[in-house]
Q: 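Sharing a structure with you now.
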Number of protein chains: 2
Amino acid sequence: MSEQTTDEVDSQDLRASDGRVPGRRGLATRQKMLDATGALLDTVAYRDLKVVDIAREAGTSPATFYQYFPDVESAMLAMAADLGDSWYADLSKLITNRDWEGDPDGSAHRVADGMLEFWTRHKPVLRVLDLASMEGDLRFREIRTNLLAGATEALMDLAAERNIPGDPMASAGVVVGMLAHVANHQHGLERWGVSHEVLVDTVAGIIRRTILGVT
Amino acid sequence: MSEQTTDEVDSQDLRASDGRVPGRRGLATRQKMLDATGALLDTVAYRDLKVVDIAREAGTSPATFYQYFPDVESAMLAMAADLGDSWYADLSKLITNRDWEGDPDGSAHRVADGMLEFWTRHKPVLRVLDLASMEGDLRFREIRTNLLAGATEALMDLAAERNIPGDPMASAGVVVGMLAHVANHQHGLERWGVSHEVLVDTVAGIIRRTILGVT
DNA sequence: CCCCGTTCCTGACGGAGCATCAGATACCTC
DNA sequence: GAGGTATCTGATGCTCCGTCAGGAACGGGG
């Protein structure tokens, strides 16, 4: 185990509030905080997420929370960043690992299903990421951009190859956004009588027509 | 003291915290609170929106705020409801008042442009409405459903008339969602080099292909 | 014009959560 | 098992919350 030369941005200087570099135990506690935050977000509105509650959920004290995060918002930022790190590549592969030539329809379905699945699984974090991005917070916005960059670029390449009418970048961006939105508001659409399967079909159809140019 | 039988939902029992029915001056103050809330939301994150600040912005005291709203969330709810009341019909007309037969492309553009304009104008309220809906708050969810119902139904009818492949309801719902999302994240797409015009073109294209079945 | 009831506003307060620090505790190394 | 470092927490001052009781503004009748 060589000296942690943290040149990479990934393991950026992760410091406790007093400037120390956290060790194994500290990092575990930090992670416990993030887990607790995530768990609470399943049931509590972001606006009502309090430091006291996170600390209690994590089985520790509020003061400990402040050792690792200056505020709740920063904990959310860390969660979002982790999500980006661990999923950026997978989202990209979800699109590139497809036989678009041989089975365009099935491929579109897989992409639609995979993206919806991803958003649904991480909904609590992603909706906060979305809100903060909309509100103009640049740190969240960058994480969001990076998280979606892989998928967007893959779709863009696909669209560019096909010489579809219209701007490939715009098409890819809009499609990715649509997927995010649909996943987030799936409940609402289902309440209008739209089943999950029909939804995937519809979204896949839009992907097909917008990105592949197939009618 | 007769039991106020407020049958209508419109003039629902709008009460001050002590049970009075507010008069002209009271309603003006209430509105001033809502305006102040809206103004603050342009610059302050929803999570950091405090009663004290709203009161200060409205040139009054925190106690006054509590005369008209039990909490900040309820003020947001009122703003969203007002938005729904005043725009429901217009959003619907934005779609029905079009010559879809004679000029499908222009019509799709108008709809795309109009929706984006609407969302951009009311972005601060709408993004909170979106978040609260996602978080499962039924009151916000209902307002959102109603607000979008007009537009969604109009698009659905259009899709149904055309006998497009796929489910008209799902198509309409997804398209409306896409419009909302694109408006909210316009900045992000523009940062990727996508101009507003190209964006409108792209969205209009998706509307055309998804709802009208025109390639 | 003043009176008086109603409507509306606010100063003041106890309570809850925030954010900080100094000191206590757990862990590791030798 | 002693000493040093990493980690945690009780205690604290402070901001904001949410609720009164009482004061100010309005408006209709004399």
Side-chain angles (χ1 to χ4, degrees), chain A residues 1 3-4 6 11 13-37 39-41 43-78 128, chain B residues 1-2 4 6 11 13-37 39-41 43-78 128:
Chain A
M1 209 75 67
E3 178 62 26
Q4 291 246 16
T6 55
S11 54
D13 57 356
L14 195 56
R15 300 295 180 93
S17 61
D18 54 3
R20 235 144 34 79
V21 177
R24 194 161 32 89
R25 190 162 60 118
L27 287 176
T29 304
R30 192 189 115 103
Q31 189 55 48
K32 222 165 30 174
M33 292 292 185
L34 291 181
D35 293 345
T37 304
L40 282 178
L41 265 189
T43 50
V44 178
Y46 178 47
R47 189 166 206 282
D48 300 326
L49 197 57
K50 310 288 183 202
V51 173
V52 204
D53 300 325
I54 296 175
R56 194 198 336 259
E57 175 80 18
T60 157
S61 78
T64 302
F65 177 91
Y66 288 105
Q67 289 241 321
Y68 299 101
F69 308 101
D71 49 34
V72 175
E73 195 189 359
S74 298
M76 290 304 310
L77 195 66
V128 172
Chain B
M1 205 74 70
S2 74
Q4 281 261 9
T6 52
S11 57
D13 52 1
L14 196 53
R15 300 295 180 93
S17 60
D18 53 2
R20 285 175 298 106
V21 177
R24 194 162 36 85
R25 190 160 62 116
L27 287 176
T29 304
R30 192 189 116 103
Q31 189 56 48
K32 224 169 23 178
M33 291 292 184
L34 291 181
D35 293 345
T37 304
L40 282 177
L41 265 189
T43 49
V44 178
Y46 178 47
R47 190 167 205 284
D48 301 325
L49 196 58
K50 310 289 182 199
V51 173
V52 205
D53 300 325
I54 297 175
R56 197 199 334 260
E57 175 80 18
T60 159
S61 77
T64 302
F65 178 91
Y66 289 105
Q67 289 238 323
Y68 299 101
F69 309 101
D71 50 35
V72 175
E73 194 189 0
S74 298
M76 290 304 312
L77 195 66
V128 172

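Below, read A as the first sequence line, B as the second, and so on, with proteins coming before strands; counting in each chain starts at 1.
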Q: Return whichever of B:A63 or B:G26 has its heavy-atom-nearest nucleotide of DNA chain C closer to the 5' end.
A: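 By nearest-heavy-atom nucleotide position, the 5'-most residue is B:G26.
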
Q: Within this structure, what is the OH-to-C1' distance between B:Y68 and D:dG18, rounded to whole angstrom?
A: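 Spelled out: OH on B:Y68 to C1' on D:dG18 is 17 Å.
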
Q: Given atom CD of B:Q67 and atom P of D:dC20, what is their separation to the nearest angstrom?
A: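 It is 12 Å, rounded to the nearest whole Å.
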
Q: Between B:F69 (CZ) and D:dC17 (C1'), how many Å, whole number?
A: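 After rounding, the gap between these two atoms is 17 Å.
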
Q: Taking A:R56 first and then A:D53, would you say they form a salt bridge - that is, a charged N and a carboxylate O separated by under 4.0 Å?
A: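 Salt bridge between A:R56 and A:D53, a charged N being under 4.0 Å from a carboxylate O: yes.
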
Q: Could you pick out which residue, B:R25 or B:R56, lies toward the 5' side of DNA chain D when each is mapped onto its nearest nucleotide?
A: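 Closest to the 5' end, via its nearest nucleotide, is B:R56.
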
Q: Using whole Å, what does the distance between atom P of nucleotide D:dC16 and atom CG of B:L40 come to?
A: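 In whole Å, D:dC16 P lies 13 Å from B:L40 CG.
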
Q: Any side-chain N or O of B:T64 under 4.0 Å from OP1/OP2 of C:dC9?
A: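 Negative; the distance criterion is not met.
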
Q: Please compare A:K32 and B:V52 by the position of their nearest nucleotide in DNA chain D and report the one closer to 5'.
A: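 Here A:K32 is the residue nearer the 5' end.
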
Q: Give, for atom OG1 of B:T43 and atom CG of B:D48, the distance between the pair rounded to the nearest 0.5 Å.
A: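 Spacing of OG1 (B:T43) from CG (B:D48) equals 10.5 Å.
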
Q: Take the protein atom CZ of A:R47 and the nucleotide atom C1' of D:dC16, then report the distance between them rounded to whole Å.
A: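 Distance check: A:R47 CZ to D:dC16 C1' gives 12 Å.
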
Q: Could you tell me how far apart B:D48 (CG) and C:dG17 (P) are, to the nearest whole angstrom?
A: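 That distance rounds to 17 Å.
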
Q: Considering just the side-chain nitrogens and oxygens of B:T29, establish if one lies under 4.0 Å of OP1 or OP2 belonging to C:dC8.
A: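 For B:T29, the contact criterion (side-chain N or O under 4.0 Å from OP1 or OP2 of C:dC8) is not met.
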
Q: Grab the CG-P distance between A:D71 and D:dT15 for me, whole Å please.
A: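 Whole-Å distance recorded here is 18 Å.
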
Q: Can you see if the side chain of A:T60 gets near the phosphate of D:dT9 - specifically, an N or O under 4.0 Å from OP1 or OP2?
A: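 Result: yes.
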
Q: Does a side-chain N or O of A:Y66 approach OP1 or OP2 of D:dT9 to a distance below 4.0 Å, or not?
A: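 False: A:Y66 side-chain N/O out of range (4.0 Å or more) of D:dT9 OP1/OP2.
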
Q: Using 0.5 Å steps for rounding, measure from the CG atom of A:L34 to the CZ atom of A:F69.
A: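 The distance works out to 4.0 Å.
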
Q: Looking at the side chain of B:K50, which of D:dC16, D:dA25, C:dT10 is the nearest nucleotide?
A: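 Closest nucleotide to the B:K50 side chain: D:dC16.
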
Q: If you measure from OH on A:Y66 to OG on A:S74, what distance do you get to the nearest 0.5 Å?
A: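 Taking OH in A:Y66 and OG in A:S74, the distance rounds to 10.5 Å.
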
Q: Write down the distance between CZ (A:R30) and P (D:dA6), rounded to a whole number of angstrom.
A: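 Between P of D:dA6 and CZ of A:R30: 18 Å.
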
Q: Just one of B:V44, B:L49, B:V128 clears the side chain to side chain contact (heavy atoms under 4.5 Å, CB included) bar with B:T37, so which one?
A: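 Testing B:T37 for a side chain to side chain contact (heavy atoms under 4.5 Å, CB included) against B:V44, B:L49, B:V128 leaves exactly one candidate, B:L49.
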
